[in-house]
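Written below as structure tokens is the structure these notes are about.
All values below were derived from every heavy atom in this structure, side-chain atoms included, with hydrogens, water molecules and symmetry-related copies excluded.
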Amino acid sequence: MDFAGLFSIALGAILVNNFIFAQFLGICPFMGVSKKVDTALGMGLAVTFVMGLASAVCWLINEFLLVNPAIYGEGKPNLAFMQTIAFILVIASLVQFVEMFLKKNVPSLYQALGIYLPLITTNCAVLGVVLLNVQNNYNFIESVVYGITGGLGFLLAIFLFASVRERLDATMDCPKAFEGFPIALVTAGLIALAFMGFSGLKVF
């Protein structure tokens, strides 16, 4: 695929088909770790790293182990039914690595992320990106680009949302019924509506 095709994949992952605001995947950490910008950035970077690396590793495992015609024969049964389990194991291993790294080198961020850090393992956005790579028949480069830019789209979404939530908590005086989580949901809905403006966007 040429540069235009890769750019189209990247633009779609970040804006048009944003995992949070368009596909509604990964909502749990999005809502739980978006009260402060610095914590949101840490989570966004961790998810981006896991998405990009998981896309690369899962593509290799899928192509050379699970569905390799050289092993099973052309048109013969293979281990494609094991994709979800294999991908989850890869993601869990990567998350464990990220968790150990943050615990040792950035303990403040590790404490701030709390339970949401190991929950990246079950983050449907991370599993979704590797399954979509298979579904869309992306090659290795396309899979890595889609994984990294999908993570950047997640980072953009959680950063924007955290910025708005900080301003709401600091300055906005809203009705009692909307305080806290309800106004956050309303805010997320309005940002999602804004992202719908990118629907149908084409590179060329």
What about Ile27 and Ile14, same hydrophobic cluster or not, with Ile/Leu/Val/Met/Phe/Trp/Tyr joined at side-chain heavy-atom distances under 4.5 Å? yes

Out of curiosity, Ile158 CD1 to Met31 CE, how far, rounded to the nearest 0.5 Å? 10.0 Å

Go through the steps for Val37 and Phe159 under the test side chain to side chain contact (heavy atoms under 4.5 Å, CB included), then give the verdict. CA-CA 6 Å; Val37 170; Phe159 173 76; 3.4 Å; yes

Using the side chain to side chain contact (heavy atoms under 4.5 Å, CB included) rule, take Phe87 and Asn62 through it: C-alpha gap first, then chi angles, then the decisive distance, then the call. CA-CA 9 Å; Phe87 294 166; Asn62 186 61; 4.1 Å; yes

Main-chain N/O of Ile183 paired to Thr187 side chain as donor or acceptor, under 3.5 Å: yes

Note: Leu127 and Ile88 closest approach over all heavy atoms is CD1-CG1, 4.1 Å

Fit a plane to each ring of Tyr146 and Phe19, take the angle between them on a 0 to 90° scale, and name the class: parallel (under 30°), tilted (30 to 60°) or perpendicular (over 60°). tilted

Over all heavy atoms of both residues, which pair between Pro118 and Glu99 is shortest? Give the atoms and the distance, please. CB-OE1, 4.1 Å

Should Val47 and Leu155 be marked as a side chain to side chain contact (heavy atoms under 4.5 Å, CB included) after you check the CA-CA gap, both sets of side-chain angles, and the distance that decides it? CA-CA 8 Å; Val47 169; Leu155 174 61; over 6 Å; no

For the atom pair CG (Leu132) and CG (Asn17), what is the distance rounded to the nearest 0.5 Å? 9.0 Å

What pair of heavy atoms forms the shortest contact from Ala56 to Val144, and how long is it? CB-CG2, 3.8 Å

Residue among Val57, Val126, Val129 satisfying side chain to side chain contact (heavy atoms under 4.5 Å, CB included) with Ile91: Val126

Taking all atoms of both residues into account, what is the closest heavy-atom pair of Lys35 and Glu166, and its distance? O-CG, 3.4 Å

Nearest 0.5 Å, what's the CG-OG1 distance between Leu156 and Thr149? 12.0 Å

More than 12 non-hydrogen atoms from neighbouring residues, nucleotides or ligands closer than 6.0 Å to OH on Tyr72, yes or no? yes

Once the angle between the rings of Phe3 and Phe7 is folded into 0 to 90°, is it parallel (under 30°), tilted (30 to 60°) or perpendicular (over 60°)? parallel

Any link between Met100 and Leu45 through a network of hydrophobic side chains (Ile, Leu, Val, Met, Phe, Trp, Tyr) touching at under 4.5 Å? no

In this structure, CD1 of Ile61 is separated from CG of Leu66 (nearest 0.5 Å) by 7.0 Å

CZ-CD1 distance between Phe161 and Ile20, expressed to the nearest 0.5 angstrom: 10.0 Å

Tell me the closest heavy-atom pair linking Asn123 and Ala125, and the distance in Å. OD1-N, 2.9 Å

Ser55 OG to Tyr138 OH distance, which is reported to the nearest 0.5 Å: 11.0 Å

With sequence neighbours excluded, what pairs up with Ser143 under the side-chain hydrogen bond (donor to acceptor under 3.5 Å, both in side chains) test? none

Let's go through Glu142 and Asn137 carefully: what are the C-alpha distance in whole Å and the side-chain angles of both, what is the deciding distance for side chain to side chain contact (heavy atoms under 4.5 Å, CB included) to 0.1 Å, and is it a yes or a no? CA-CA 9 Å; Glu142 293 166 350; Asn137 293 316; over 6 Å; no

Check the side chains of Gln23 and Asn18 for a donor-acceptor pair under 3.5 angstrom, ignoring hydrogens and angles. no

Just say parallel, tilted or perpendicular for the rings of Phe21 and Phe195, cut-offs at 30° and 60°. tilted

